[in-house]
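To keep things clear, I will list the structure first and then write my remarks on it.
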Number of protein chains: 2
Amino acid sequence: MSGPQLLDALLAITAVLQADQERELERRGLTVPRTHLLWVLHHGGPATQSALAEAIGVTPRYVTTLVDALESTGLARRTSHPTDRRALLVELTPRGASAMTAMASERVALGDALIEGLDPHAVAAAIQVIDHARERLERLVAEHERAQEERAESS
Amino acid sequence: MSGPQLLDALLAITAVLQADQERELERRGLTVPRTHLLWVLHHGGPATQSALAEAIGVTPRYVTTLVDALESTGLARRTSHPTDRRALLVELTPRGASAMTAMASERVALGDALIEGLDPHAVAAAIQVIDHARERLERLVAEHERAQEERAESS
DNA sequence: TATTGTTATACTCTATAACTATA
DNA sequence: TATAGTTATAGAGTATAACAATA
């Protein structure tokens, strides 16, 4: 009975979060996948384009496009790989690094703002419910995929 | 302290939900905005393209593209408006209607699956926390927008 | 032979501007 | 004059396939 309600509540806040995020990115001249790539560089340091493709879950070809865009706006740059002459290392420029630092602290501020006026215990309990639901969902998805693979094999 | 953790938990489950949804849509040969349009037709009945543009928050031009795609896959169709010869009414085909019915019940099943093993009271409390956070967020966004408009006016 | 990145191509999402038919 | 929808065009997101240089 309350499961669908939880789903509705999650989808509703998700929609607002995404709209807000997109507005913030637009203000900085960024897009979602470009920001995702910068985020990976911010946390993991310089990386090859293949590694970035793997990390953000897109094709290597699309990483080329993303890095082109980030280079042209001065947020990242390509440097040569020290040992593998096929590969390129992508790294943040100082401007890219400071943009990521600013976004990280804005995100913490947003998180704090979200729970203003709420009992910390209630928030902690809600986090547990959400995490539990996510784990259930991940297991369901994994089962679906396994079932589909079996169907594909048998056909 | 726990605000950013709540945000993280929400973003994490959101990512899984979206990935799951996209896989489901792909299985049916649908896309997110096309499904959104079908959903509006399912709940509100036949509508003009302008009304649909308003309802799903895209330009009228893009509704043309979406309806073209839905017509070519046999899920929706255009009919003439009874009184306004400029306008077209878009409606679900029987196939479109049954696809929407199936998706609605799948969504309820997903909601139920999410909370398996959880105390209903805990779920209800979590829903309250999420709704509260959404309302806070909506207010913040509205304030931001007002502030930006003022800045735009004064410049 | 396998891997890194790029050129070529294509489809979906989405917008603005200009236009046609009708109100 | 205003509105409903379409043609024209463009940029972003994203994929596959073919290819070059290097390992």
Side-chain angles (χ1 to χ4, degrees), chain A residues 15 18-19 21-41 44 46-73 75-91, chain B residues 15 18-19 21-41 44 46-73 75-91:
Chain A
Q18 281 190 348
Q21 188 194 219
E22 268 163 37
R23 224 167 313 129
E24 283 301 304
L25 293 184
E26 193 180 352
R27 203 167 55 76
R28 295 173 190 274
L30 281 170
T31 66
V32 170
R34 265 122 95 156
T35 308
H36 195 169
L37 200 159
L38 292 175
W39 200 250
V40 169
L41 292 178
T48 64
Q49 295 192 183
S50 333
L52 290 170
E54 178 83 9
I56 68 178
V58 303
T59 56
R61 173 59 185 89
Y62 186 42
V63 172
T64 298
T65 307
L66 293 174
V67 175
D68 283 349
L70 292 170
E71 246 182 350
S72 82
T73 51
L75 295 170
R77 68 177 155 229
R78 283 183 247 240
T79 60
S80 53
H81 192 288
T83 65
D84 187 339
R85 278 198 296 174
R86 293 172 306 181
L88 296 167
L89 280 181
V90 183
E91 65 183 16
Chain B
Q18 282 190 346
Q21 188 195 219
E22 268 162 38
R23 225 167 311 127
E24 282 302 303
L25 293 185
E26 193 181 350
R27 203 169 54 78
R28 295 174 189 274
L30 280 170
T31 65
V32 170
R34 270 128 105 157
T35 308
H36 194 171
L37 200 159
L38 291 176
W39 200 251
V40 169
L41 292 177
T48 64
Q49 295 193 181
S50 332
L52 290 170
E54 179 84 9
I56 69 178
V58 302
T59 57
R61 173 59 185 88
Y62 186 42
V63 172
T64 298
T65 306
L66 293 174
V67 175
D68 283 350
L70 291 169
E71 246 182 351
S72 82
T73 51
L75 296 170
R77 67 178 154 227
R78 283 182 248 241
T79 61
S80 53
H81 192 287
T83 65
D84 188 340
R85 280 197 295 172
R86 293 171 306 180
L88 297 167
L89 281 181
V90 183
E91 65 183 18

Report the distance from atom CZ of B:R34 to atom P of C:dT14, rounded to the nearest whole Å. 11 Å
Between atom CZ of B:R77 and atom CG of B:L88, what is the distance when rounded to the nearest 0.5 Å? 13.5 Å
Output the distance between atom CZ (A:R28) and atom OG1 (A:T35), rounded to the nearest 0.5 Å. 9.0 Å
Separation of C:dC13 atom C1' from B:L25 atom CG, nearest Å, is 14 Å
Integer-rounded Å distance: C:dT3 P and A:L88 CG: 18 Å
note: A:Q49, atom CD; D:dT22, atom P; distance rounded to Å ~ 16 Å
Distance, rounded to the nearest Å, where B:L52 contributes CG and C:dT14 contributes P: 15 Å
Between A:E26 and A:R23, is there a salt bridge with N-O shorter than 4.0 Å? no
Please name the pair of heavy atoms, one in B:I56 and one in B:P33, separated by the smallest distance, quoted to 0.1 Å. CD1-O, 4.5 Å
Rounded to the Å, how far apart are B:E22 CD and C:dC11 P? 20 Å
Side-chain N,O (A:T48) to OP1/OP2 (C:dT4) below 4.0 Å: no
Taken to the nearest 0.5 Å, the spacing of A:L66 CG from A:R34 CZ works out to 7.5 Å
Under 3.5 Å, which N/O atoms of the protein pair with N/O atoms of nucleotides 21-23 of chain C?
from, atom 1, to, atom 2, distance (Å)
C:dA23, OP1, B:R85, N, 2.7

Within residues 56-69 of chain B, find the residues that approach DNA chain D with a heavy atom at under 4.0 Å, and present them sorted by residue number. B:R61, B:T64
Would you compute the distance between atom CG of B:L75 and atom CG of B:L70 and round it to the nearest 0.5 angstrom? 6.0 Å
Does A:E54 have more than 12 heavy atoms from other residues, nucleotides or ligands lying within 6.0 Å of its CD? no
How many Å lie between CD on B:E54 and P on D:dG5, as a whole number? 13 Å
Using whole Å, what does the distance between atom P of nucleotide C:dC13 and atom CG of B:L37 come to? 11 Å
So, taking the atom named CZ in B:R78 and the one named CG in B:D68, what distance separates them when rounded to the nearest 0.5 Å? 4.5 Å
Which of B:T64, B:T59, B:T65 passes side-chain hydrogen bond (donor to acceptor under 3.5 Å, both in side chains) with B:R61? It is B:T65
